[in-house]
Amino acid sequence: MNGKLKNLLPFSDEEEVRIQRGIAEDADNPELTDEEMRQMRPFREVFPELAREIDKEIAARSRPER
């Protein structure tokens, strides 16, 4: 099996327990609550001007030099 696809397979129960334990132990980065998830908005909606500037920068990088 392709190594890239291996990461897309569901976690085993053992892996899920390990992941959840790590989340619970990380006081600096707690899991988001359902309410926090509902309040989230897309970056482009919150910072439209910055998103446009980023797009311009990315487009400029992809242009071939003449």
Side-chain angles (χ1 to χ4, degrees):
M1 177 179 284
N2 184 330
K4 292 179 183 178
L5 295 179
K6 180 181 178 199
N7 293 331
L8 298 177
L9 298 175
F11 297 120
S12 69
D13 290 343
E14 188 177 280
E15 290 171 315
E16 182 65 24
V17 167
R18 184 177 54 79
I19 291 167
Q20 291 301 323
R21 188 178 322 126
I23 292 170
E25 291 173 356
D26 188 354
D28 291 332
N29 192 20
E31 190 168 12
L32 294 172
T33 65
D34 290 341
E35 180 59 27
E36 290 169 325
M37 292 289 284
R38 280 191 289 279
Q39 292 176 4
M40 291 181 134
R41 295 176 18 222
F43 178 84
R44 290 180 177 285
E45 182 181 313
V46 179
F47 302 105
E49 299 84 14
L50 184 55
R52 281 192 291 277
E53 291 300 317
I54 291 170
D55 289 342
K56 287 178 189 176
E57 178 65 28
I58 291 170
R61 287 186 213 161
S62 63
R63 291 187 195 128
E65 292 186 29
R66 294 180 181 193

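In what follows, residues are counted from 1 in the order of the sequence shown. What's counted below: heavy atoms across the whole structure, side chains too, no hydrogens, waters or symmetry copies.
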Original post:
Are Leu50 and Ile58 connected in a single hydrophobic cluster, I mean Ile/Leu/Val/Met/Phe/Trp/Tyr linked by side-chain heavy atoms less than 4.5 Å apart?
Top reply: yes
Original post:
Side chain of Glu25, backbone of Gly22: donor and acceptor closer than 3.5 Å?
Top reply: no
Original post:
Should the heavy atoms of other residues, nucleotides or ligands under 6.0 Å from CD of Glu14 be counted, would the total exceed 12?
Top reply: no
Original post:
Would you call Arg44-Asp55 a salt bridge at under 4.0 Å N-O?
Top reply: yes
Original post:
Salt bridge or not for Arg61 and Glu57, using N-O below 4.0 Å?
Top reply: yes
Subject >> Name of the residue among Glu35, Arg41, Glu36 meeting side chain to side chain donor-acceptor pair (under 3.5 Å) with Gln39 >> reply: Glu35
Subject >> Atom pair CZ/CD1 of Phe43 and Ile54 - distance to nearest 0.5 Å >> reply: 4.0 Å
Original post:
About how many Å separate CZ of Phe11 and CD of Gln20, when rounded to the nearest 0.5 Å?
Top reply: 9.5 Å
**OP:** Determine, step by step, whether Met40 and Leu32 satisfy the side-chain contact (heavy atoms from CB on, under 4.5 Å) criterion, reporting the C-alpha distance in whole Å, the side-chain angles of both residues, the deciding distance to 0.1 Å, and the verdict.
**Re:** CA-CA 10 Å; Met40 291 181 134; Leu32 294 172; 3.4 Å; yes
**OP:** Determine, stepwise, if the pair Asp13 / Val17 fulfils side-chain contact (heavy atoms from CB on, under 4.5 Å).
**Re:** CA-CA 6 Å; Asp13 290 343; Val17 167; 5.5 Å; no
